[in-house]
Amino acid sequence: MRSWTRQDSAELYGIEHWGARLFSVSAGGTLEMLPLGPGQGAIDLRELVDDLRGQGIQLPLLVRASDVARRRMELLDRTFQIAFKEHGYRGRYRGVYPIKVNHQRGLLENLVAFGGRNHFGLEAGSRAELLLALAVLDDPEALLICNGYKDRAFVETALRGAQLGRNPVLVIEKATELETILEVADRLGQEPTLGVRVRLTNPGRGRWGASSGDRAKFGLSAQAIVDVVERLRAAGRLHCLRLLHFHIGSQVTSIRTVRRAVREASRYYTELVRLGAPMGTLDIGGGLAIDYDGSRTDFESSRNYSVREYASDVVAEVAAACETAGVAHPDLVTESGRATVAHCSVLLFEVIGAETVPSEGAPEPESEGESQELAALRAAWELVDARSFQEAWHDANDARASAEQAFQVGLLDLEALARVQRAYWQVCRRVAREARTQRYVPDDLDRLDDILTDTYYGNFSLFQSLPDSWAVDQLFPVLPIQRLNERPNRHAVIADVTCDSDGKISRFVSLRDIKRRLELHELRPGESYVLAVPLVGAYQEILGGLHNLFGPTNAVHVSIDEAGQPRVDRVIHEGKVRDSVARVQHSADELAERLRVATQRAVDGGVLDPEAAEAAFGWLVSGFEASTYLDGARR
Ligand SMILES: *Cc1c(COP(=O)(O)O)cnc(C)c1O
């Protein structure tokens with residue numbers, strides 16, 4: 001067998017397909033993150049984990065490189081500039097980052113600081129987000145797009161922000177919001193900048209397709225838009241209407257959907273200009289997808305287009321509609337969230353153990369009292385060859401079922417059942433090996449792969465750290481951060497540490513289809529084996545929940561310094577038991593007090609001597625200050 005190289009691993013795990021040139025494998029076989037791109041310094045994730053461990057910072061851990069988001073912003077800006085040139089477009093590009101996608105301070109502040117040059121703006125969808133955005137977005141030229149439901153307080157927050165010189169645009173999502181806005185604007189004597197969100201009829205396809213069409217949650221119908229224009233005209237405020245917005249949903253996988261939506265929205269735009277609104281800006285929302293599996297298809301975890309194609313098609317459609325209508329090219333706003341931050345964060349967790357299927361070998365005969373079933377399995381094992389592997393598989397299944405029945409009615413003891421199980425797996429292995437040499441394998445044997453799959457247990461919570469994997473079957477790449485120059489010899493699914501049987505990853509990215517099992521290395525005793533889940537920067541942190549009270553993971557912010565060396569900018573300690581219980585209204589101090597009372601009672605009742613009582617109590621209450629995850633390295 002040819003020896004395994006890091007290139008083999010890069011290919012196996014698809015790094016170049018989903019990695020956007022931000023990940024690579026080092027000569028030593030470790031996974032590296034390249035926040036500034038190739039040749040600009042690397043963060044070796046294995047070294048990072050070892051260094052942090054030395055400082056007492058344990059996994060699971062989220063590694064955030066906010067420079068990645070800056071690069072993505074830059075990319076969007078550059079790509080739109082190219083598309084403008086290509087189509088002789090005269091509007092400006094004004095990127096906006098929707099903060100709901102990842103609100104983390106380090107990330108947000110870095111984005112705002114960087115966005116300053118191009119007047120990148122923010123998008124807020126609630127009063128809380130609006131306040132956050134008003135405070136951090138210190139640039140009167142940057143747009144602050146206000147989406148979401150708006151009550152009086154929301155509107156007043158935006159308009160008072162405008163009084164301070166900020167630049168909020170109130171996007172009318174529901175017809176009733178207009179009256180609220182007019183009323184608050186009059187009361188404060190503050191002119192609002194307004195937009196309308198149109199409900200497109202071209203349905204978005206894919207998982208979030210319900211964001212458009214007649215029953216969509218947000219947006220105004222043609223009739224409602226006409227009503228808004230009339231009402232504004234009557235109020236002498238039509239000059240406030242400056243922007244048209246639409247959003248067809250997140251992770252739009254097909255470029256055709258984008259094109260059709262932009263074409264339709266452009267018609268609304270030119271019609272609004274015809275009706276006398278000044279307009280000036282067309283906001284095409286989010287939806288720019290991430291190719292999580294690298295397949296470049298319209299599969300839901302992928303996308304069948306590049307950023308280049310996206311920008312070029314958007315600009316072409318808007319330009320064409322404007323030329324036909326004789327309307328000036330509007331400034332273009334995108335609200336790309338996922339595409340900006342997904343690549344920023346990598347989840348790292350340790351494998352704490354594995355349930356593995358016994359490896360190959362012939363079933364041992366019993367010297368005396370061999371069960372009928374074990375004998376049958378030994379015969380099945382002998383039978384396996386190119387012609388009879390399917391028959392052997394049937395015989396093995398019969399023998400196992402029969403043994404399980406015999407056990408239930410008391411005819412077989414526990415040890416005998418265990419021997420049968422082991423022999424069964426050995427037959428399965430041999431059948432699988434034979435089947436692999438065949439050109440055609442009947443469906444009948446499909447279950448074989450599942451039977452021979454290991455389960456690797458990871459010290460993380462799927463519900464906390466990868467909620468979309470559970471909620472909407474989102475695929476993320478998963479790969480080891482070490483031993484990438486070694487051939488992986490096991491096939492596994494990954495289970496988390498929650499007590500929930502849904503807490504597992506059993507679908508993995510690949511260019512073709514979805515893999516049901518991931519190639520991993522055999523664990524070595526005493527050696528830490530860490531897995532990475534890249535591309536978790538969008539939505540995962542804020543949607544995560546406290547299932548089993550497993551809390552947020554520790555996080556580190558990393559970057560590359562001027563000398564090209566990796567640097568840890570900030571360490572965020574999270575997820576003490578104290579914090580998790582507080583989220584469900586329990587006070588760690590009160591709980592500790594109850595434990596103290598129980599300890600006292602044990603001493604008074606003579607169950608424990610005072611010294612043992614103190615040790616027990618001390619140990620128990622120290623748990624409130626501990627991480628919610630399993631501690632330390634695998635032993
Ligand atoms: C969620 C959302 C976005 C971000 O969408 P992405 O697919 O992450 O780019 C943009 N605009 C609006 C109105 C949203 O609700």
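Every number for a ligand or one of its atoms is a count from 1 in the order of the listing. Owing to the predicted nature of the structure, the values given are computational and were not obtained by experimental measurement. In this chain, residues are counted from 1 in sequence order.
In this structure a side-chain-to-backbone donor-acceptor pair under 3.5 Å is present from R242 to H239. Distance alone, capped at 3.5 Å, places no donor-acceptor pair between the H557 side chain and the D569 backbone. At distances below 3.5 Å, at least one donor-acceptor pair connects side-chain atoms of T270 with backbone N or O atoms of R267. A donor-acceptor contact shorter than 3.5 Å links the side chain of R166 to the backbone of L134.
Among all protein heavy atoms, the one lying closest to atom 9 (O) of ligand 1 is G337 N, 2.8 Å. If you check which protein heavy atom lies closest to atom 14 (C) of ligand 1, you get K100 NZ, 2.8 Å. The shortest contact between atom 5 (O) of ligand 1 and any protein heavy atom is with Y539 OH, 3.4 Å. Annotation: atom 12 (C) of ligand 1 to nearest protein heavy atom, E335 OE1, 3.4 Å. The protein heavy atom nearest to atom 7 (O) of ligand 1 is S250 OG, 2.5 Å.
In the vicinity of G286, heavy-atom distances shorter than 4.0 Å reach the ligand 1 atoms 5 (O), 9 (O), 10 (C), 11 (N). Which parts of ligand 1 touch S336 is read off a 4.0 Å heavy-atom cut-off, strictly below it: atoms 9 (O). Of all atoms in ligand 1, numbered sequentially from 1 with element shown, those under 4.0 Å from a heavy atom of R338 are 6 (P), 8 (O), 9 (O). Atom numbering of ligand 1 starts at 1 in the shown order; those under 4.0 Å from a heavy atom of N147 are 13 (C). Those atoms of ligand 1 with a heavy atom of E123 less than 4.0 angstrom away are 12 (C), 13 (C).
Judged by distance alone, the side chains of N167 and E141 never bring a donor and an acceptor atom under 3.5 Å apart.
Looking at K100 and E123, no side-chain N of the basic residue comes within less than 4.0 Å of a carboxylate O on the acidic one, giving no salt bridge.
Within the structure, ligand 1 has G287 among the residues with a heavy atom less than 4.0 angstrom away. For A339, the heavy-atom gap to ligand 1 stays at 4.0 angstrom or more.
If you run ring-ring contact (aromatic ring centres under 6.0 Å, His included) between F476 and each of W470, Y292, Y13, F508, only Y292 comes through.
Considering only heavy atoms from C-beta on, I505 comes within 4.5 Å of F460 through its side chain.
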